[in-house]
There are 2 protein chains.
Amino acid sequence: MSQTAKAPRSRRSTNRVTMDDVAARARVSASSVSLFLRNPEAVSPRIAPRIKQAIDVLGYVPNLLAGSLAAARTRAIGVVVPSLGNAFFSATVAAMQKEFDRHGYQLLLGATEYQPGREADLVRTFLSWSPTALVVTGCRHDDETRALLRSARAPVAEMWELGEQPFDLQVGFSHHAAGEAVARHMLEIGARRVAFIGARMDSDVRARQRCEGFARTMLKAGIEVHVEDAPGDASPKAGAHALADILQRMPEIDAIACSNDVIALGVLFEAQRRGIAVPQQLRVAGFGDLPFSEECVPPLTTVQPRATEIGLRIAQELMERAELPEADKEPRIVDVGFELVVRASTLSANTRQDA
Amino acid sequence: MSQTAKAPRSRRSTNRVTMDDVAARARVSASSVSLFLRNPEAVSPRIAPRIKQAIDVLGYVPNLLAGSLAAARTRAIGVVVPSLGNAFFSATVAAMQKEFDRHGYQLLLGATEYQPGREADLVRTFLSWSPTALVVTGCRHDDETRALLRSARAPVAEMWELGEQPFDLQVGFSHHAAGEAVARHMLEIGARRVAFIGARMDSDVRARQRCEGFARTMLKAGIEVHVEDAPGDASPKAGAHALADILQRMPEIDAIACSNDVIALGVLFEAQRRGIAVPQQLRVAGFGDLPFSEECVPPLTTVQPRATEIGLRIAQELMERAELPEADKEPRIVDVGFELVVRASTLSANTRQDA
DNA sequence: TTGTAGGCGTTATCAT
DNA sequence: ATGATAACGCCTACAA
């Protein structure tokens with residue numbers, strides 16, 4: 001006689017608890033369970049507790065993969081940052097994660113570490129997850145990344161920088177203007193011999209923009225800025241070394257702007273070691289308004305970039321678009337601005353007024 | 001008469017490029033495309049280029065959701081950290097992300113911000129992604145989290161702390177021992193009136209462990225430690241305020257240990273403002289060996305925790321388990337240790353030798 | 001309100 | 001080496 005009917009190909013090795021299991025135990029159909037999960041009010045008050053209990057007893061955990069595949073949308077947002085070591089971005093990411101989480105969305109994280117090509121790789125990876133949205137840092141992208149982002153079905157948010165043509169959303173501010181603001185302030189307090197210290201400005205576009213904004217404004221006032229570009233990450237050590245270099249080349253230096261508060265901190269330390277009085281002999285300004293900037297000696301004049309607000313605004317805008325599919329598809333630009341925070345490192349009772 | 005035959009329910013609204021599209025264009029079966037994607041060598045050299053070209057022309061991006069669902073495994077690792085603002089964890093996460101990425105795994109990130117209950121929520125969310133592995137911070141978890149982790153089919157790694165019963169992998173070091181090391185060093189240099197400054201030690205278990213290790217060691221030497229616990233995040237401001245407090249209560253203080261270098265930095269600033277010489281009048285030690293710790297004035301004695309190595313080791317171990325399914329299932333504990341880095345903030349030519 | 005069944009885009013099994 | 005086909009677990013249009 002016929003050998004046993006071909007055993008149905010069973011790949012069900014995963015003895016995972018499924019929605020069907022819950023349905024069976026609650027003696028309802030799987031669709032009722034599905035409905036209950038999405039909107040508990042929608043099922044009759046008689047079966048609701050049964051479903052609830054079955055879920056608890058079985059320890060059912062919904063399979064998001066299956067759900068996302070079926071619904072053709074994943075509750076995940078891909079986020080690309082240059083580096084997590086950078087306090088600016090980690091603050092923004094933290095704010096985003098919190099808000100996404102509140103809406104039940106998962107944050108997928110990737111860091112480029114400023115390596116060329118990594119951005120495109122990360123975006124490609126994210127896209128294969130069918131994310132609800134993508135968040136990238138800055139507005140400058142290589143051709144490959146641009147193509148990927150353009151073809152993405154998900155809205156694309158660019159953060160921390162304005163400019164270029166936005167894909168869907170840009171939330172940031174003008175780094176050029178930030179550099180300008182510091183320069184104007186330094187001109188007001190009588191700076192004459194001026195330097196700018198940055199780190200890795202070949203790959204850190206935004207630091208370079210701040211530098212340019214600073215240098216151009218100074219140049220308009222007839223002051224040429226000596227630019228020092230440290231090779232590695234921004235760090236106090238880079239700042240200290242740069243100051244040492246600068247003092248050799250232009251001992252008469254009287255003002256230094258830095259692309260990052262951690263660099264400025266190093267400048268303060270080196271000045272302290274050398275007995276150079278800040279701000280009396282040397283004025284120092286930074287960028288970032290990090291936790292130590294208010295507390296250091298002297299407190300640091302700096303630019304506060306609203307890192308948290310950037311993350312929050314992006315998350316809010318994206319969640320809105322995700323939940324109102326009819327939302328306007330118009331690209332949107334949000335300038336969150338920045339604030340020049342003047343502290344003692346550029347002010348002193350006896351500010352020089354020599355012309 | 002019968003109305004038109006039921007149109008086959010088509011939900012194919014997503015005009016996504018699928019593997020079938022690629023197969024059609026390359027005039028092969030979807031199976032071959034799938035095979036090619038996973039192992040290009042496995043298909044005949046005649047059709048390989050056709051598939052490759054079709055992929056390029058169509059701009060095909062594989063759908064990881066479908067793939068993961070079918071394969072019953074997701075190339076994703078869920079990672080729970082207390083906070084991204086903390087430089088320790090962001091360094092570890094960065095190292096992990098890099099290594100995971102190298103193996104084609106995606107990092108899912110969640111932060112608890114030290115809120116009770118958040119850990120369980122995040123773990124639950126991650127589990128619904130069927131991740132390859134889970135990484136959590138520390139070994140203390142509430143009952144709910146423990147239950148979830150225990151029931152997880154994926155290996156669980158605990159980081160930054162050793163102790164308790166490991167689920168599958170623990171990579172960290174003893175914070176108690178770190179506190180002890182600092183205490184012994186301070187005893188050697190003759191500290192007598194001692195305080196410890198921490199931040200939020202009710203929720204930051206590891207900071208509390210360092211504090212306990214420090215205080216107990218001191219107590220054995222007959223020295224009672226005054227403990228100051230700042231309410232918010234660790235910050236220079238918290239350190240400065242704590243020092244001010246301490247000076248009021250015990251003006252004769254001669255040594256302060258901090259649970260974090262950023263707190264110690266604040267202590268240094270406040271001491272500088274008050275004209276208290278470090279280390280001559282006051283010895284200061286921290287924890288973390290952050291970028292500024294080597295550069296500040298005076299350079300800071302601290303404990304270097306190997307944040308990057310923790311991330312790397314975890315990633316390597318997890319990738320190994322993921323790729324060798326036959327790997328040993330034995331729980332494993334890796335003590336990466338720490339290093340006491342002695343710098344000028346606790347040393348001086350004229351170290352007091354009074355008994 | 002509840003149930004039925006087709007489809008989401010892959011991978012895995014099996015036959016050729 | 002290649003192809004046909006059955007899962008994977010859920011969502012959702014539609015019928016009851």
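Here the structure is a predicted model, which is why all the values come from computation and not from measurement. Just so it is clear, the values below take in all heavy atoms, side chains as well, and ignore hydrogens, waters and symmetry mates. Lettering of chains follows the sequences in order, A, B, ..., and the numbering in each one begins at 1.
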Between D/dT2 and B/Arg46, is there an OP1 or OP2 to side-chain N/O distance shorter than 4.0 Å?
no
Roughly how many Å is it from CG in B/Asn63 to P in D/dG9, rounded to a whole number?
17 Å
Can you check the B/Ile51 CD1 to D/dA1 P distance for me, whole Å?
13 Å
Taking D/dC10, D/dT2, C/dT2 as options, the one with an atom nearest any side-chain atom of A/Val43 is C/dT2
Does any N or O in the side chain of B/Ser34 come within less than 3.5 Å of the main-chain N or O of B/Ala30, such that one atom is a donor and the other an acceptor?
no
Does D/dG3 have OP1 or OP2 sitting under 4.0 Å from an N or O in the side chain of B/Ser29?
yes
Any donor-acceptor pair under 3.5 Å from A/Arg25 side chain to A/Ala54 backbone:
no
Side-chain N or O of B/Ser34 versus OP1/OP2 of C/dT10: is the shortest distance under 4.0 Å?
no
From the list D/dC11, D/dA4, C/dT11, which nucleotide is the closest neighbour of the side chain of B/Ser31?
D/dA4
Spell out, as yes or no, whether a donor-acceptor pair under 3.5 Å connects the side chain of B/Thr145 to the backbone of B/His141.
no
To the nearest angstrom, the CZ-C1' distance between A/Arg50 and C/dT2 comes to 12 Å
Could you state the atom-to-atom distance from CG of A/Asp21 to P of D/dC10 in whole Å?
9 Å
Nearest whole angstrom, please: distance from the C1' of D/dC14 to the CG of A/Leu35.
14 Å
On the nucleotide D/dT2, are OP1 or OP2 found under 4.0 Å from the side-chain N or O atoms that B/Ser44 carries?
yes
Spacing of A/Met19 atom CE relative to D/dC11 atom C1', expressed in whole Å
8 Å
From CZ of A/Phe36 across to C1' of C/dT1 the rounded distance in Å is 15 Å
Rounded interatomic separation in angstrom, taking CG from B/Leu69 and P from D/dA6
17 Å
Could you go through B/Lys98 and B/Asp101, starting from their C-alpha distance and side-chain angles, then the distance that decides it, and tell me whether this counts as salt bridge (charged side-chain N to carboxylate O under 4.0 Å, His left out)?
CA-CA 5 Å; B/Lys98 190 172 177 184; B/Asp101 191 84; over 6 Å; no
Heavy-atom nearest nucleotide on DNA chain D for A/Pro62 versus B/Arg27: which residue maps closer to 5'?
B/Arg27
Taking every heavy atom of B/Ala48 against every heavy atom of B/Val43, the minimum-distance pair comes out as CB-CG2, 3.7 Å
Distance below 4.0 Å between B/Ser32 side-chain N/O and D/dG3 OP1 or OP2
yes
Could you work out which one of C/dC8, D/dC8, D/dT12 sits closest to the side chain of A/Arg38?
D/dT12
Starting from the 5' end of DNA chain D, give me the residue, B/Ala42 or B/Ala66, whose nearest nucleotide shows up first.
B/Ala42
Do the side-chain N or O atoms of A/Tyr60 get closer than 4.0 angstrom to the phosphate oxygens (OP1, OP2) of D/dG9?
no
Under 4.0 Å, counting only non-hydrogen atoms across every strand here, what does A/Ile47 touch: a base, just sugar-phosphate, or nothing?
sugar-phosphate
